[in-house]
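Chain letters run A, B, ... following the sequence lines, proteins first, then strands; residues in each count from 1.
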Amino acid sequence: MDYDAGSKPLNVFPLSTVDEGKTVRIVKIVGGKGLVRRLYEIGLLPGAEIQVLRNDKHGPVIIRNSVSGTFSLGFGLARKIMVEVM
Amino acid sequence: MACHEALSSTKIKVKQRSVIVGIIGNPNVGKSALFNKLTKGRAWVANWPGVTVEKKIGKVNLGEASVKIVDLPGIYGLTAHSEDEIIARKFLLQEKPEIVIQVANAVNLERNLYLTIQLLEMNLKLIIALNMVDLAEKEGVEIDIHGLINELKIPIIPIVAIKGVGIEQLVETMIEQIGKPAASFKLDYGEEIEEAIEKISKIIDSSMRKLDLGVDSRWLAIRLLEDDNDVIEQLKSRGLENVIRESKHIKDELEARFNKSVEVLMIEKRYHYILSLSRKYIKRRPDRESLTFFTNKLDKVLTHPIIGLMIFVSILYLLFKLSFDVVTPLTGLIEVFFSHYVYNLFKTSVLPEIISSLLADAVLNGVGIVLIFIPNLLFLFLGISFLEDTGYLARVAFLFDKWTNKLGLSGRAVVPLLIGLGCNVPAIMSTRTLGADRDRRLAVLMIPFMSCSARLPIYLLFTLVFFKENQIMIILSMYFIGVVTAIITAILFNNLLFKGQTVGYVMNMPPYLVPSAMSVLVKSWERVKSFLIRAGTIIVLLMVVIWVLSITGPEGYLGAEALSDPELLSRSWIASFSKLLEPLFKPLNWDWRIIASLMFGFIAKEVVVSSLAVLYGAGEQGLPSVLLSSFTPLTAYSLMAFTLLYTPCMATAAAIRTEIGLKYTLIIVSYQLIIAYTITYVILLIGEVII
């Protein structure tokens, strides 16, 4: 059996499912170039640690990190940001 | 002596250099505050060519130079993907500013540095105005400014824009920089990408030696690697397809090697560089995040799905109270002054009757309609600008995004829509805060269906006569019909006109701040002024047209008494048009007098009532009994619905034209007429079945 964490991302979830108050790390952004670029430009790129301030799991989320500041992201976007719980 | 002095000062003016300075930065970093401080409020607003985004320009004298300062839209990058980015890029490339001031937020400097790198790559002469240094200090953020200056080789001036701290030093630096060369900056993208940049630069150099695009080939190469549509279009229009082809080839090769998009790689490189700067020059003490702590605490309440909503409703109520109730005496004063004092002055003057009627009934009434809006507009805009500057509106957008999202609208549209319940005019003007053109147009299309306070007198009159028992329910049903129609409109136009343009929503939530009075005042006054000038002229013009059509008819001049004499008015052009339209409104059972009243209702919706009174020869006191004899409850209800929906009033139409252009104004007016007719007809059909 191969237990390589990279090939079996067991603890990777979409941002839209993360509980309020948790701090997570961005693993990957799934989506078109335009979307990826927009999020990267504000500092939301793989490796960035973000704190989830608001998430009722079926609407927009509010996240925060020291590089980007506080941002609110639509539900559709939050589903495309894959994060790992730290 | 004095004359001599004046002469020599004009001589200096002739010698003065004229330079352009652009102010750029991320959203919510205090650009406008700095702009206001630099221009001392002496600025004007125009639109950027071809779009509805505001362009703010100010003129000041710095030392020997006369400087035109341009405030650019708030952006995060310069990739030319959003309208704001395209505007900023075009300005930087085409107007070639002597100096670019980037306003950066010291609290989250890293995010701002991304734009800095892109500006430096364009070889612009950059000054960073490092704003909110006081907040950064409170937050426990320590920035080694000298270290950053040495590293980036550009001036960085710490400022607190709303308090005016550091502005003098910034101005001195600007004066120093005029005429100096720009610092050269080159970010190392790593061996493979650098190689690709070099190759593409060479191709560009060899194929466009004669074409001067005003930018260097390295920048163009970087843009081509990042798939920049604007640059690609520019090259295409100059017949340089080969450059595009070859760079595409190089890019594909690179992507195959990395198995990753080059754009993403390049953004990552820029952020690596930023993080290396951050490690060296920015220290954070997490134990001292006092501002964030306060903002987070407040956000816990204000963005709460239930408590937050309740607080929002209360704030909205206060805003309405302030701008519609509290200012009523002021509005009344203007009305009395105009419709009695000045009006009678003209009416009783020695001027010929037709001239005095033109002045009093048309021009003065038009000016009156415009001026009567001022107290409401001013107070509404003061309130909105205040809420905007505190950072609260971003939270409102968050609260509602879940719902508006389904209509293809960002949560930010909720504020203008709700303001529409007070008055459609400021509602339409406040869509400026929405940014994206698509969102703005959709919101503007929906706003006229929000039942404004001017429609209330019509509801009150008809419900008093026909629905005494359940007056409140009937009036509420009007608001309901309006909101439902607005929603239907959003769905319809989303699928027809703006198909496939939905943008995922990413919005900065700035920390809560106490706004500067100056910024709030300037912003509110600019909006009121723009209504006065741009909408005012159209309104007065339309008033004159309606006046002419009322006092003349197929048989010629009827006399100014036509305006108050039902017999004379029935021979006017307006009456003739209405009679001509009568067959069209046969299914609704309306006679020409209703149609004529609705035409007058275009002036302002509440005019429908007084026009009905004149046309039925009843006077406003006698109107109820006349109505009882010529309407049934059902036709009364259908007329109420029609007045709600049929057309934006003149002031609203003028505001729509100012904001999104004549084409959309015509689309909206005709669409509303169709929708109003259809819904009224459906109401009659359903009503006949029920009764």
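B:Lys251 contributes a side-chain N or O that, together with a main-chain N or O of B:Leu225, makes up a donor-acceptor pair within less than 3.5 Å.
Heavy atoms closer than 4.5 Å to chain A are found in the side chain of B:Tyr114, but not in its backbone. Both the backbone and the side chain of A:Ile42 have a heavy atom closer than 4.5 Å to some heavy atom of chain B. Proximity to chain B (any heavy atom under 4.5 Å) is restricted, for A:Val36, to the side chain, taken from C-beta onward. Looking at A:Ile29, there are no atoms closer than 4.5 Å to chain B (heavy atoms on both sides), in backbone or side chain. When heavy atoms are compared at a cutoff of 4.5 Å, A:Leu53 approaches chain B solely by way of its side chain, counted from C-beta outward. Only the side chain of B:Asn296 comes within less than 4.5 Å of a heavy atom of chain A; its backbone N, CA, C and O stay farther away.
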Set out, in order, the CA-CA distance, both residues' side-chain angles and the distance that settles side-chain contact (heavy atoms from CB on, under 4.5 Å) for B:Val29 and B:Val103, then state yes or no. CA-CA 6 Å; B:Val29 292; B:Val103 186; 4.0 Å; yes
Going through the checks in order, is the side-chain contact (heavy atoms from CB on, under 4.5 Å) test met by A:Arg54 and B:Met509? CA-CA 12 Å; A:Arg54 267 276 174 229; B:Met509 309 280 262; over 6 Å; no
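For the set B:Thr303, B:Thr295, B:Leu399, the count of heavy-atom pairs under 4.5 angstrom toward chain A peaks at B:Thr303. Highest contact tally toward chain B, considering only A:Val61, A:Leu44, A:Ile62, A:Asn65, is held by A:Ile62 [criterion: heavy-atom pairs under 4.5 Å]. By number of non-hydrogen pairs under 4.5 angstrom with chain B, the leading residue of A:Ser72, A:Ser68, A:Gly31 is A:Ser72.
When all heavy atoms are compared, the tightest approach of B:Arg111 to B:Asn26 is NE-OD1, 3.1 Å. Shown here for B:Met132 and B:Ala106, the closest heavy-atom pair between the two residues is O-CB, 4.0 Å.
Geometrically, A:Arg37 does not engage B:Tyr76 in a cation-pi contact, judged by NZ or CZ lying under 6.0 Å from the ring centre and within 45° of the ring axis.
No side-chain heavy atom of B:Leu513 sits under 4.5 Å from any side-chain heavy atom of B:Thr390.
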